[in-house]
Each structure stands twice: as C-alpha cells, then as structure tokens.
Amino acid sequence: MGENRLVQGRYRLLELIGRGGMGEVWRARDESLGRPVAVKCLKPLAPYDDPSATRALRERFRREARVAAALSHPGVTVVHDFGEFDGVPYLVMELLQGRDLSRLLEDSHGHPLPVHDVLDIAGQVAAALAHTHRQGVVHRDLKPANLVRLSDGTVKICDFGIARLGEDIGFTARLTAGVALGTPHYMSPEQIGGDAVDRRSDLYSLGCVLYEIATGSPPFDLGDTWAVLVGHRDTLPRPPRERRPDLPAHLDRVILDLLAKRPEERPYDAEELLRRLGSGRDTSGCVPLSTAPGATAVSVPARTGGAAASHPTVPGLSPAFTGSPRTRLPSWTRGMTTGHKALG
C-alpha cells in the first residue's frame, strides 16, 4: 500500500498514521461518500514468514471486522467495510480524531492523568464493556493503546482482533492455540495460566489500565517478562494511593477490586463496576458517569460497604514470589516479551 493509492476503486490513501507488527493504518478518503476514514492494511506475506501465523493474522483481521460490525455503541469504534485488495486484507473504520491513552500518558511526561479524567475514562469504558459483554464479546486485549479519547471527550475501544465470541469458543481456541494472547502488562492471571476467560478478564485488564493512568505506571512495572507475568499471577499489587496519595479512597478500592487474582472476587460484570464507580462520586445518591457527546448518562444508586471495602490476602499467593517462574508458567509464555506499556 502506498500514498495516494486507490483501494478497491474507492478508498484513497492519504497519509500513513500508524504502523505495527501486523500492518499499517492510513488516513484515507472514501471517494464514494466523500468522508474521511481510516484504512487498516495487513502487511503482505514475506518469504520468511510462517504461513500458519499469517493465516492466524488474516483471521484476526476478519474477526475484528465481524465483531466490531456487530457492536453498536458510542464507545466502540465503527467498522465500515472489509475486503482484500491485491492479496492484502484491509479494514475501513471511522477516522478517530483524538489520542489513545498511551499517547496521553506520554504527552504528560510520566505524570498520571487528573482524577476527574481517570473517573470519566473508567465510566465510559465500563459502559462500553457492558454493551460488548451483553453481546457475548470478550475483548481480551484491553490496554492504553486500544483506548482512544476523542477531542470531544468520548472514549472508544479499538482492535477486536483477538476478541472471543461467545458462540465460537472452540473455534477461538483452535485459532489461537500456542499463540500468546494479550499484552503482558495488562493480562489477567487466568490468561497467563491458559485458563478459560470471560468478561471478568476484561475487567482485570481495565483495572491495569486505570492503575496506570491513575499512578503513571502499570501495577507490575517490571522489565523482565517473567517477572511481570508472575506478578499478575502471584503478587498483590501495591495500592494506588501509596503511589498517589491524592487519589480518592473509593477509586483506590475499585481498582484493587478489579485486580483481584480470582475472577469471582472482582466486580461481577461491567454494570456492577459502573455502580461501584458511582457510589463514591456523589453523596446525593445518583451520578452521571459520562457526559461525553453521544454517550448515555447513567445514574446509579449510591452504595457502601461490600466487597470493595476490603482486600484480604489471597490464600496461596505470595506478596514476594521467590520460586522459579519458568517451571510454573505455561510453555507458551517462553520467549514472550513484555510488550509496549503506555509509558514505554
């Protein structure tokens, strides 16, 4: 793909705006409708590429189109079209005018985001997850780079390439067998252990994101991949307020609840998370969790006590793991890199 190229006689590529391991993202113009769009292109197969891995990447492209097209929510990126041109699969998406959370943190030079921004982002992402989970979709790769905040304040979830659809769990397992899913700094303990994941895995990943934007670093900010993975699985995170004393106590509790090692100890679902966020934001009993244009204002009853109020030590988990992680983590994690944390 190249600048000013016309894809399928319709989408004119104008400017390269992103490049990654899978391919490129271009700012483009839909010549048929006269609107700006983003075109995501999978990189062509090179002679030394593994054909099976390439097939998996192509299927991820198709899945992203299929999943996103089935979701209709202000907090989910819209996919307009999917196809193949000169042997290269491509996705046509809405062009987002904003910055992902990774760039927001980089622009703040390592400083965490203001508390009101953290709360607003948490509420918007929770509302979007509530919708996707109701449709049977588990994202499985929530991280700052996949959350974009638009210029009007709306937050959108991007990249459903490794999402799991509720009706095709077996197919998903075959597609991704032996392939590391997710990004280590934001992976849930059950992902790391190779266990089945559900909506609560997304909530754990969201907890990692909120921890990072609230404190300036991920909950397990370690350079070694194994240490990061073992941290998620075996180590209780340091409370965010110890890193940032001005953080509200209720937000500290919510983040720690999301980071519970066992899924059953986290909020039951994203709607429960919305209620917990709301309970600490307004003493009058109700609170609008999002005021971004196009977002739905959610009023929830105030709530006190409950699971969010305490964080007991988890039996069998060591705050300072000293064993050999190479003998206790799944074989597919060998050779895995930490990936790109927001402030990397």
Checking R233 side chain against G193 main chain: does a donor-acceptor pair fall under 3.5 Å? no
Polar side-chain atom of Q191 near backbone of S188 as donor-acceptor pair, under 3.5 Å: yes
Are side-chain heavy atoms of T225 and V228 found at a separation under 4.5 Å? no
Any donor-acceptor pair under 3.5 Å linking the side chain of H250 with the backbone of R276? no
Distance-minimising heavy-atom pair for Q8 and F85: OE1-CD1, 3.0 Å
Within-4.5 Å side-chain heavy-atom neighbours: P89 and E84: yes
Looking at side-chain heavy atoms only, is the closest gap between V67 and Q135 below 4.5 Å? no
Interatomic distance, CG@D234 vs NZ@K261, rounded to 0.5 Å, equals 7.0 Å
Test item: R35 side-chain N/O and D30 main-chain N/O as donor-acceptor pair under 3.5 Å: no
Could you tell me which non-hydrogen atom of V79 sits nearest to which non-hydrogen atom of A68, and how far apart they are? CG2-CB, 3.4 Å
Counting N and O atoms only, with roles assigned by atom type, does the side chain of Q124 sit under 3.5 Å from a partner on the main chain of V155, one being a donor and the other an acceptor? yes
Hey, are the side chains of F61 and K40 touching, using non-hydrogen atoms and a 4.5 Å cut-off? yes
Carefully, step by step, assess V230 and L222 under the rule side chain to side chain contact (heavy atoms under 4.5 Å, CB included). CA-CA 10 Å; V230 172; L222 306 165; over 6 Å; no
Flag the pair R99 / R149 as yes when at least one side-chain heavy-atom distance between them is below 4.5 Å, and no otherwise. no
Taking the side chain as every heavy atom from C-beta outward, state whether R63 and F160 have any atom pair closer than 4.5 Å. no
Could you state the interatomic distance from OG1 (T183) to CG (D141), rounded to the nearest 0.5 Å? 4.0 Å
With side chain to side chain contact (heavy atoms under 4.5 Å, CB included) as the test, would you mind laying out the steps for L147 and I157 before giving the verdict? CA-CA 5 Å; L147 297 170; I157 301 176; 3.7 Å; yes
For D198 and V138, the nearest pair of non-hydrogen atoms, with its separation, is O-CG1, 3.6 Å
Drop me the distance from I213's CD1 to S102's OG, to the nearest 0.5 angstrom. 11.0 Å
Going hydrophobic residue to hydrophobic residue with side-chain gaps under 4.5 angstrom, can you get from I255 over to L203? yes
Is the ring centre of H185 less than 6.0 Å from the ring centre of F220? no
For the backbone of R238 and the side chain of Y211, can you confirm whether one donor and one acceptor N or O come within less than 3.5 Å of each other? yes
At what distance, to the nearest 0.5 angstrom, does CG of L142 lie from CG of L129? 5.5 Å
Is L119 reachable from V148 through a run of hydrophobic residues whose side-chain heavy atoms are each under 4.5 Å from the next? no
Would you mind checking if R5 and D86 are paired as a salt bridge, meaning a charged N to carboxylate O distance below 4.0 Å? yes
Out of curiosity, does V78 fall in the hydrophobic cluster containing V76 (side-chain heavy atoms, cut-off under 4.5 Å, transitive links)? no
N/O donor-acceptor pair under 3.5 Å between R12 side chain and R29 backbone: no
If every non-hydrogen atom of L95 is compared with every non-hydrogen atom of P36, which pair is closest and at what distance? CD2-CB, 3.9 Å
Inspect the contact between E190 and R200 and indicate whether a charged nitrogen and a carboxylate oxygen are less than 4.0 angstrom apart. no
With hydrophobic residues grouped by side-chain heavy-atom distances under 4.5 Å, do L16 and V39 end up in a single group? yes
Looking only at heavy atoms, what is the nearest atom pair of G207 and L259, with distance? C-CD2, 3.8 Å
Side-chain (D81) to main-chain (V92) donor-acceptor, under 3.5 angstrom: no
Nearest-0.5 Å distance that lies between atom NE2 in H139 and atom OG in S205: 9.5 Å
Is there a chain of hydrophobic side chains (I, L, V, M, F, W, Y, each step under 4.5 Å between heavy atoms) that links L210 to V115? yes
Flag, side chain of K156 to backbone of V125, donor-acceptor distance under 3.5 Å: no
Find out whether H73 and T132 are in side-chain contact, i.e. whether some heavy atom of one side chain is under 4.5 Å from a heavy atom of the other. no
Is there a side-chain contact between L113 and L105 (heavy atoms, below 4.5 Å)? yes
How long is the gap from CG on L91 to CZ on R62, to the nearest 0.5 Å? 10.5 Å
Flag, side chain of S217 to backbone of E212, donor-acceptor distance under 3.5 Å: no
Can a salt bridge be assigned to the pair R103 and E106 using a cut-off of 4.0 Å between side-chain N and carboxylate O? no
Which atom names give the shortest non-hydrogen contact between P240 and L247, and what distance separates them? CB-CD2, 3.5 Å
Could you please spell out the steps behind the side chain to side chain contact (heavy atoms under 4.5 Å, CB included) verdict for L96 and C158? CA-CA 10 Å; L96 302 180; C158 307; 3.8 Å; yes
Could you tell me if H133 and D269 have a donor-acceptor pair between their side chains, going purely by distance under 3.5 Å? no
